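Structure first, commentary second.
Keep in mind the model is a prediction, meaning the values are calculated, not measured. Letters go in sequence order (proteins before strands), and every chain restarts at 1.
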2 protein chains.
Amino acid sequence: MKTDTVPDILPPRGHDAKRVSVIEAAAAVFCREGFAGANIDLIAAEAGVSRQTIYNHHGDKEHLFIAVVRELAERTNAGYFETISTFPDQPEDLEADLIAFAVRLHSNCICNRDGKFLRKLVQAEGERYPELFAGWREQGPSRTWAALAARFARLAHAGLLDIDDPDLAARQFLALINADLQVTMMLGMQPDEAALRTASTNAVRTFLKAFRAPG
Amino acid sequence: MKTDTVPDILPPRGHDAKRVSVIEAAAAVFCREGFAGANIDLIAAEAGVSRQTIYNHHGDKEHLFIAVVRELAERTNAGYFETISTFPDQPEDLEADLIAFAVRLHSNCICNRDGKFLRKLVQAEGERYPELFAGWREQGPSRTWAALAARFARLAHAGLLDIDDPDLAARQFLALINADLQVTMMLGMQPDEAALRTASTNAVRTFLKAFRAPG
DNA sequence: ACATTTTTAGACACACTTGTCCAAATCGTC
DNA sequence: GACGATTTGGACAAGTGTGTCTAAAAATGT
């Protein structure tokens with residue numbers, strides 16, 4: 001008879017803890033050093049794990065890399081959907097609510113650890129793993145953009161916005177969000193809260209000048 | 001007595017030709033493989049030059065990399081200024097002229113070989129060479145944004161646009177320009193002419209909805 | 001044509017990494 | 001406490017890449 005206090009996840013506990021710790025460390029090192037420059041010994045040390053354990057779990061460097069990207073993509077994707085679910089569908093103050101939403105988007109998705117890592121890995125190694133990143137593109141940006149577009153379409157339907165092409169509006173919203181932070185992010189720096197608010201405010205103001213429904 | 005037919009550049013001809021050929025090949029390989037993954041033998045082969053020549057010219061891998069970034073930054077910068085000098089200061093058809101300008105910006109600066117390479121190198125290795133990329137930032141984006149902002153300010157002064165903060169408008173113009181091509185560029189793909197036109201048209205239409213002067 | 005500089009090809013030492021193997025230690029569970 | 005599975009550390013072979021050195025070949029300028 002099984003005395004499962006809780007139907008725990010299949011693999012045992014310590015095993016799993018090490019697994020995520022490896023992924024975490026590998027993500028950091030792959031990002032810092034690139035695929036070729038990443039050193040498995042260093043990843044092992046940073047994960048607090050022996051090198052052999054990494055080989056036990058993932059086989060070789062390439063499979064480890066793939067596992068890292070999949071994990072990051074999954075998390076980042078989940079973060080996007082969760083944040084988009086807080087979109088202001090019935091805003092009291094449209095501008096303020098959209099600004100707050102943009103700030104959430106930044107801190108939960110674009111500027112957080114996983115988001116930054118994933119973006120960097122896509123840019124650096126995208127051409128080396130076409131199928132891997134094609135998959136990311138379809139599961140990630142395509143879906144999240146569509147989700148965001150649906151929310152904007154709803155605001156338009158409610159008469160608050162004047163939007164022809166909701167998909168385009170969603171893309172432009174995201175582009176404007178990033179306008180002030182492009183270079184900062186490019187160099188791997190972390191903008192502070194104030195910068196996030198400023199960037200979001202600037203973006204939303206311009207977005208509303210372009211798309212706010214007349215009247 | 002010197003019979004200089006033309007006051008040629010100081011270093012001899014073949015020497016210089018090899019120098020640029022090395023930079024060219026190195027740029028390509030550094031971008032494809034990253035700094036750590038780049039192989040000097042491969043660069044030499046791709047440049048049609050012996051490995052020793054590279055060491056003669058640049059000393060070691062790191063100095064070669066620095067030379068590549070400097071060269072790309074210089075060229076890209078020059079391209080930006082040249083293209084910005086074609087900004088429509090006295091437009092006949094504001095929308096059409098701005099769209100054409102945006103297309104030029106894409107094909108001469110953002111999507112061309114040097115621009116793509118430089119962006120990728122900044123993103124991949126920016127954290128490893130803080131001073132190098134800090135220099136790029138000041139000589140590049142800062143200056144080009146200011147130059148573009150000045151042009152927008154002029155259009156505003158002429159009563160064609162309604163702009164509070166020309167610097168912000170310039171950043172947002174560039175951000176909108178890229179809105180449709182973000183993912184494509186991220187994966188290192190080259191958008192075709194039609195995509196460039198579409199992206200530029202979408203961007204300029206929204207930009208003008210936000211900033212066109214009333215009346 | 002000659003003198004000087006540059007380039008070339010190859011060999012070389014050295015360091016570093018990956019991935020494997022194995023015996024001992026540790027962990028989780030009954 | 002004992003059992004099986006996992007982890008560990010260390011040694012190891014094989015491959016790869018950097019940077020140096022050399023002598024011969026080519027190019028350059030006068």
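A ring-centre distance under 6.0 Å is not found for F117(B) and F30(B).
Among the protein residues, A38(A) comes within range of the sugar-phosphate backbone only, with heavy atoms under 4.0 Å from sugar or phosphate atoms but none that close to a base.
Pairs passing the salt bridge (Lys or Arg N to Asp or Glu O under 4.0 Å) check and including a residue from residues 183-204 of chain A, sequence neighbours excluded, do not occur. Residue pairs that meet the salt bridge (Lys or Arg N to Asp or Glu O under 4.0 Å) test with at least one member in residues 120-132 of chain A, sequence neighbours left out, are K120(A)-E127(B), E125(A)-R128(A), E127(A)-K120(B), R128(A)-E33(B). Listed by first then second residue, pairs satisfying salt bridge (Lys or Arg N to Asp or Glu O under 4.0 Å) with a partner in residues 172-184 of chain B read R171(A)-D180(B), not counting sequence neighbours. Note on residues 45-59 of chain B: pairs passing salt bridge (Lys or Arg N to Asp or Glu O under 4.0 Å), not counting sequence neighbours, are R32(B)-E46(B), D41(B)-R51(B).
Nearest heavy-atom pair, A27(B) versus L72(B), reported as atom, atom and distance to 0.1 Å: CB-CD1, 4.2 Å.
Taking atom CD1 of I40(B) as the reference point, atom P of dA9(C) lies 17 Å away to the nearest angstrom. Atoms CG (D41(A)) and P (dG10(D)) sit 12 Å apart, rounded to a whole Å. If you take CZ of F35(A) and C1' of dT18(C), they are 11 Å apart, rounded to a whole angstrom.
Set against dT18(C), dT8(C), dG19(D), the side chain of Y55(A) has dT18(C) as its closest nucleotide. For N56(A), whose side chain is taken as the heavy atoms from C-beta onward, the closest listed nucleotide among dT7(D), dT7(C), dT18(C) is dT7(D).
Taking a cutoff of 4.0 Å between a charged side-chain nitrogen and a carboxylate oxygen, E74(A) and R70(A) do not qualify as a salt bridge.
Residues passing the ring pair (Phe, Tyr, Trp, His ring centres under 6.0 Å) test with F101(A) are F87(A), sequence neighbours excluded. Every residue two or more places apart in sequence or in another chain that forms a ring pair (Phe, Tyr, Trp, His ring centres under 6.0 Å) with F211(A) is listed here: F207(A). R154(B) pairs by the salt bridge (Lys or Arg N to Asp or Glu O under 4.0 Å) definition with D89(B), not counting sequence neighbours. Residues satisfying the ring pair (Phe, Tyr, Trp, His ring centres under 6.0 Å) criterion with H57(B), sequence neighbours excluded, are H15(B).
For the segment residues 42-54 of chain B, residues with any heavy atom less than 4.0 angstrom from an atom of DNA chain D are, sorted by number, R51(B), Q52(B). For the contact set between residues 21-31 of chain A and DNA chain C, defined by any heavy atom under 4.0 Å, there are no members. Across residues 57-66 of chain B, D60(B), K61(B) each have a non-hydrogen atom less than 4.0 Å from an atom of DNA chain D (numbered order).
Checking the phosphate oxygens (OP1, OP2) of dT18(D), a side-chain nitrogen or oxygen of N39(B) falls inside 4.0 Å. Checking the phosphate oxygens (OP1, OP2) of dG28(C), no side-chain nitrogen or oxygen of K18(A) falls inside 4.0 Å.
In the helix from dA1(C)-dT30(D) to dC30(C)-dG1(D), the rotation axis of the first five pairs and that of the last five pairs differ in direction by 40°, rounded to 10 degrees.
Between N108(A) and E82(A) the shortest side-chain heavy-atom distance does not fall below 4.5 Å.
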**Q.** Step-by-step side-chain hydrogen bond (donor to acceptor under 3.5 Å, both in side chains) determination, R119(A) to Q123(A)
**A.** CA-CA 6 Å; R119(A) 189 167 36 256; Q123(A) 285 158 347; 5.5 Å; no

